[in-house]
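Notes follow the structure.
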Amino acid sequence: MEHIDLNNLFPTKTSNFGTNEVFDVAVVGAGVVGTAIFKEFCEQGAKTVLIERANDILEGASKGNSAILHTGYDAPPDTLEHECIQRGYTEYMKIKDEMNLPFLNTKALVVAWNDEQLEKLDAILKKGLGNGVKELETLSHKQVLKREPNLCLDAKGAVLVHGESLIDPWSAPLAYLKKGIACGGKTAFSHEVKAGHYDGKYWELETSQKPIKAKVVINAAGLYGDIVDAIKGTKDFKIIPRKGQFVIFDETAYNLINSIILPVPTKRTKGVVITKTAFGNILVGPTAEDQESRTDSQTLRETLEDLKTKAFYMLPALRNHRVTATFAGLRPASDETYDRVSINEDKNWITAGGIRSTGLTASLGLAKHIFELHNTKYEKNPKADEKITVPNISEFAPRDNQKEGYGKIICHCECVTEREIKNACHGESGAGNIGGLKRRTRAMMGRCQGFNCEAAITKICEDEIKNHG
Amino acid sequence: MDNIQIAIIGAGPAGISAALELKKLGYSDLIIFEREDEAGGTPRHCGHLGFGMFEFKRVLSGPNYAKKLSKLASQNGINIQLKSTLTKIEDGVLTFSTPNGIKQYKPTCTLLALGARETPRSDRLVSGTRSPDIITTGALQRFTYLQEIKPFDKAVVIGSEIVSFSALMSAKHAGIKIAAIIEEKSEIDSFCVIKYLVKYLLNIPVITNAKLKNINGEDKKVSSVTIFKDGKEEDIACDGVIFTGKFIPESSIMQKSFKDFNLNNYSLNVTQNFQTNSESFFVAGNALRGALAAFRCYFEGKKVAKNIHDYIRFKHQSQIIEISADENISWYYPSLLDLKSPIKKHLTTLRLKNRAKGVIKILLNGRVVSIKRVHALPFLSINIPWKDIELKVDDKIRLEFVKD
Ligand SMILES: Cc1cc2nc3c(=O)[nH]c(=O)nc-3n(C[C@H](O)[C@H](O)[C@H](O)COP(=O)(O)OP(=O)(O)OC[C@H]3O[C@@H](n4cnc5c(N)ncnc54)[C@H](O)[C@@H]3O)c2cc1C
Ligand SMILES: Cc1cc2nc3c(=O)[nH]c(=O)nc-3n(C[C@H](O)[C@H](O)[C@H](O)COP(=O)(O)OP(=O)(O)OC[C@H]3O[C@@H](n4cnc5c(N)ncnc54)[C@H](O)[C@@H]3O)c2cc1C
């Protein structure tokens, strides 16, 4: 019987440009930040290459997050983070329809569960208003329960943040990647940047495949941001990965809440978020655990149990629902400040590192900010206005199984079609591994976790790859 | 939207046998809807022997059993709509996703025979790395029997319910070595004799009283598992992990669509007629309470068909009382009693979560009306007949297990 290594189902990607090609800009790292920068620079007309060590996008910090589009109501005031969150939010709203990206304005409740937290609500409101987030209001115990009748009666009050919303954390960066490629941007997956040499004019980056030459390097290496940054010669910061574990509940629980339930941050307690997801589940998490490892995203039973206990307290009816998935994401936190965004003009090196916990929202704004830092005129790419879309996999809009001719449904729990799986296997922006396939389609992410479909999907992918190279 | 008389969802043993029986009873306005592109249900991928002994008096493999069911259905002119996934139930209307678009039906009567799935790693909250090589028996069978793919070389099997021996056979078929069977409980979750067969005939260690602590590995690859036994940790090298059993009904759509959901059974409450509180809906087979052998689902299908026949003929007004159960009981049937049902002789069938000696009590409004001493095994059903007692509306019935 044929042995198939499920971790090497997809062929290693190679780049489609020659060694003597010279780029204006090399972006290192294809997380949400790197892909957003790639899109921005390609649209602006810079000759750009996106270099990524993994065989797909989103293999680092951007793989697992809460998928909330933040307003910045609680951002540290007058910081770059604050600015980029709000700019990122605005940008997302501009492009979402055109790119077929989902968005659901669920609003968020910052809920106080005791008197100590209740006292903090005023300050939260004030900070939010100060941060330019206008649509905020304080709700009484009664008003909270009217909005959220399933919440535990202990909810004392809340701040309602109107703008907080849900998006699809994987399709957005995929759309950015596709847009960059459509504008002529080049990609180099499975190229790990190992070293670099600057001759005063050009950077020559040594990678695990071939060397890549560019005028400017933008370091968006996320969890490896400090290591990549050292290539420029100075060590300015250190990444301290911060793990966040999650528990995802079955779609049966989806209607238990209307809004995102956020904790009041206090010194003593680290609360958890309960939110719907774009994929029709309930998400509980994340934790915040500092660790050495940049790769270890293992989950721990005790922590998951604890998350469940906390969530069951806040939302008692959640007890009656099953867990669909558990996972952990790693935030690229750095020592001292939140983000490490800077330019070294002598070396033509831009750092976009330490984008810890709001990068999904901030990425498009950050990309604009970095282009401004770069401060170079290009001729705008004629394809910048071309419409690029990604398939909708969220529950907020019709999915492929609602359109005829899809072949058959392969993943029953998530209603993923044969057509979706096949399409996700192809092209420069196609899946580079099973994780990438899951993120593009939702396949195997449902309650049965592959009981019904993992084998069939493996076979389809294998055949697609064989038949289409 | 089409009106039909009977819709059966799921073309497994339960759904097909119900359809065959209904056909015999004269119903022809009947459709079976099946989400896969082949009828037969779960046995389609159980490539080993162990089917058909009671219903067909022959020993068949799962796939041959599935083919036999499928053939019987077509010989009897039963309409099976394949690739039709039930996605919504609302106000008696069934919505299906099909490759030809969304289809809606409003049946007079619906049988949900959706089968069950095994509990995956996630719902067990097991610590460690994530990997595509962490699967269930069902997935292993589909890899090895349906797709002829060997996903890994050496695996650890978690759990020792009868289905875990299915995992052993599927592994053997694919040339996968089994490093060990790990069981949390002090005894295996099936007949003890199997333990010795596995140990001495197949040479596979069966480690009981052992907790799975962690799945180790990096980069989405499994390298070993850590187990905790007798106060010590031990690593077992493997490149795959197979989670077996802990079957859960494929009932999300029921939980989403109906209020009356039973958390012991993880399915809808049903009467002694397999009828739900939403009267035109019936449930049968593994969809009712997790795993039974295929032949039991087959016979249950026949039984439910007769009840559907009665329902359509008499449409008697039902009068329902609920039966609740404590947390020692993994599932029980019936969970409702219809006082107006023609079935008057009450019989409760249940299983316990753990091996235990004790008594099962049936309480009527807090008073014991029936008691049965049991030496329970979690994989065997216990039948408890009731004494003749008069029941009336508003009575409350509860099942309790008291350990010695
Ligand atoms: C638990 C959790 C919850 C979160 N919730 C939210 C939320 O609700 N809303 C929100 O806006 N944000 C949220 N975030 C934050 C957001 O996910 C991060 O800010 C963002 O993903 C950071 O992206 P990045 O592109 O900087 O890093 P990464 O995603 O790590 O990308 C860096 C990439 O660089 C590659 N790379 C590294 N080294 C090299 C090299 N030498 N050569 C080539 N490539 C290399 C890596 O493989 C990786 O793909 C959350 C984060 C976590 C962990
Ligand atoms: C690994 C394994 C090994 C087994 N080995 C044995 C054995 O050796 N001997 C034995 O007797 N039994 C065995 N069984 C048990 C046996 O397979 C089941 O008891 C039997 O198949 C249950 O029949 P069913 O009709 O209730 O459900 P299933 O056979 O599971 O059929 C349910 C059908 O409903 C369909 N369905 C579900 N949801 C929808 C929807 N929304 N829309 C449309 N269709 C839907 C499914 O695709 C499926 O075809 C085994 C089970 C497993 C998992």
Side-chain angles (χ1 to χ4, degrees), chain A residues 1-7 9 247-248 250-255 295-305 308 319-328 401-409 412-413 415 417-418 433-435 444 446-456 458-459 462, chain B residues 35-37 45 82-83 85 87 97-102 117-144 146-153 173-175 213-216 218-221 248 250-252 255-256 261 263 266:
Chain A
M1 194 172 294
E2 191 189 2
H3 179 274
I4 292 188
D5 182 353
L6 302 178
N7 284 301
L9 196 55
V247 179
I248 308 291
D250 194 11
E251 60 168 326
T252 53
Y254 185 70
N255 287 322
T295 51
D296 173 2
S297 60
Q298 299 205 0
T299 50
L300 190 70
R301 177 193 297 275
E302 292 72 19
T303 313
L304 301 173
E305 301 263 17
K308 273 175 85 172
R319 269 170 221 282
N320 302 339
H321 299 269
R322 293 220 164 243
V323 170
T324 287
T326 57
F327 67 92
N401 75 304
Q402 274 133 289
K403 292 169 217 144
E404 288 178 28
Y406 57 68
K408 58 185 178 190
I409 290 179
H412 297 297
C413 304
C415 279
T417 69
E418 191 177 7
N433 50 42
I434 290 192
M444 300 177 274
R447 63 186 81 88
C448 91
Q449 295 280 299
F451 172 85
N452 283 304
C453 66
E454 184 174 341
T458 306
K459 185 74 186 160
E462 202 205 3
Chain B
R35 63 187 181 183
E36 298 285 352
D37 54 5
H45 58 75
L82 298 171
K83 302 186 202 173
T85 308
T87 55
S97 180
T98 85
N100 305 319
I102 301 292
R117 64 177 185 274
E118 292 167 285
T119 299
R121 176 267 185 93
S122 56
D123 199 7
R124 305 177 192 224
L125 302 186
V126 172
S127 306
T129 196
R130 277 155 53 88
S131 162
D133 291 317
I134 302 170
I135 65 176
T136 47
T137 317
L140 177 70
Q141 291 194 328
R142 287 167 202 259
F143 268 120
T144 57
L146 294 186
Q147 311 295 350
E148 298 275 310
I149 291 173
K150 178 183 174 189
F152 36 66
D153 292 318
H173 170 72
K213 267 221 83 172
N214 206 68
I215 301 175
N216 309 311
E218 275 211 15
D219 265 358
K220 302 257 160 198
K221 288 191 179 72
I248 328 160
E250 199 64 314
S251 58
S252 289
Q255 194 176 9
K256 267 193 324 190
F261 196 74
L263 291 167
Y266 235 82

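Only heavy atoms go into these numbers, but all of them, side chains included; no hydrogens, no water, no symmetry mates. Remember, it's a predicted structure, so these values are computed and weren't measured experimentally. Note on naming: letters A, B, ... go to the chains in the order of the sequence lines (proteins, then strands), and numbering restarts at 1 for each one.
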Check [X] against [Y] and note the closest heavy-atom contact, atom names and distance.
X: S97(B); Y: I409(A); answer: OG-CD1, 3.6 Å
X: C448(A); Y: C413(A); answer: N-SG, 3.5 Å
X: S297(A); Y: A328(A); answer: O-CB, 3.5 Å

With heavy-atom distances below 4.5 Å as the criterion, would you say the side chains of [X] and [Y] are in contact?
X: Q298(A); Y: N214(B); result: yes
X: K408(A); Y: T417(A); result: no
X: F451(A); Y: T137(B); result: no
X: R319(A); Y: K308(A); result: no
X: T458(A); Y: E462(A); result: no
X: N7(A); Y: K220(B); result: yes

**OP:** Taking ring pair (Phe, Tyr, Trp, His ring centres under 6.0 Å) as the test, write out the residues that go with H173(B), two or more places apart.
**Re:** Y145(B)

Original post:
For Y266(B), what residues pass the ring pair (Phe, Tyr, Trp, His ring centres under 6.0 Å) criterion, not counting sequence neighbours?
Top reply: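 In terms of ring pair (Phe, Tyr, Trp, His ring centres under 6.0 Å), with neighbours along the sequence ignored, Y266(B) is linked to F261(B).
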
Go through the atoms of [X] and report whether side chain, backbone, both or neither lie under 4.5 Å from a heavy atom of chain B.
X: A253(A); result: neither
X: D250(A); result: side chain
X: E305(A); result: both
X: T324(A); result: backbone
X: T252(A); result: both
X: I434(A); result: side chain
X: F327(A); result: both
X: N452(A); result: both

Under 4.5 Å from a heavy atom of chain A, the part of [X] involved:
X: T85(B); result: side chain
X: T136(B); result: side chain
X: D153(B); result: both
X: D37(B); result: side chain
X: I149(B); result: both
X: R117(B); result: both
X: P99(B); result: both
X: R121(B); result: side chain
X: E218(B); result: side chain

Which one wins on heavy-atom pair count under 4.5 Å against chain A: [options]?
options: E148(B), Q141(B), E250(B); result: E148(B)
options: S251(B), P151(B), G101(B), S252(B); result: S252(B)
options: L140(B), T87(B), T144(B); result: T144(B)

Pick from [options]: which one has the most heavy-atom pairs with chain B under 4.5 Å?
options: G435(A), G407(A), G450(A); result: G407(A)
options: E251(A), H412(A), H321(A), E404(A); result: H412(A)
options: L300(A), N401(A), N320(A); result: N320(A)
options: R322(A), K459(A), Q449(A); result: R322(A)
options: V247(A), L304(A), T299(A), T326(A); result: T299(A)

Original post:
Does the pair K150(B)/E2(A) count as a salt bridge with the N-to-O cut at 4.0 Å?
Top reply: no

Original post:
Salt bridge check: are R142(B) and E36(B) linked by an N-O gap of less than 4.0 Å?
Top reply: yes

Original post:
Atom CD in E118(B), atom CG in D123(B): separation rounded to 0.5 Å?
Top reply: 13.0 Å

Subject >> Atom pair CG (L6(A)) and CG (N433(A)), whose distance is rounded to the nearest 0.5 Å >> reply: 12.0 Å

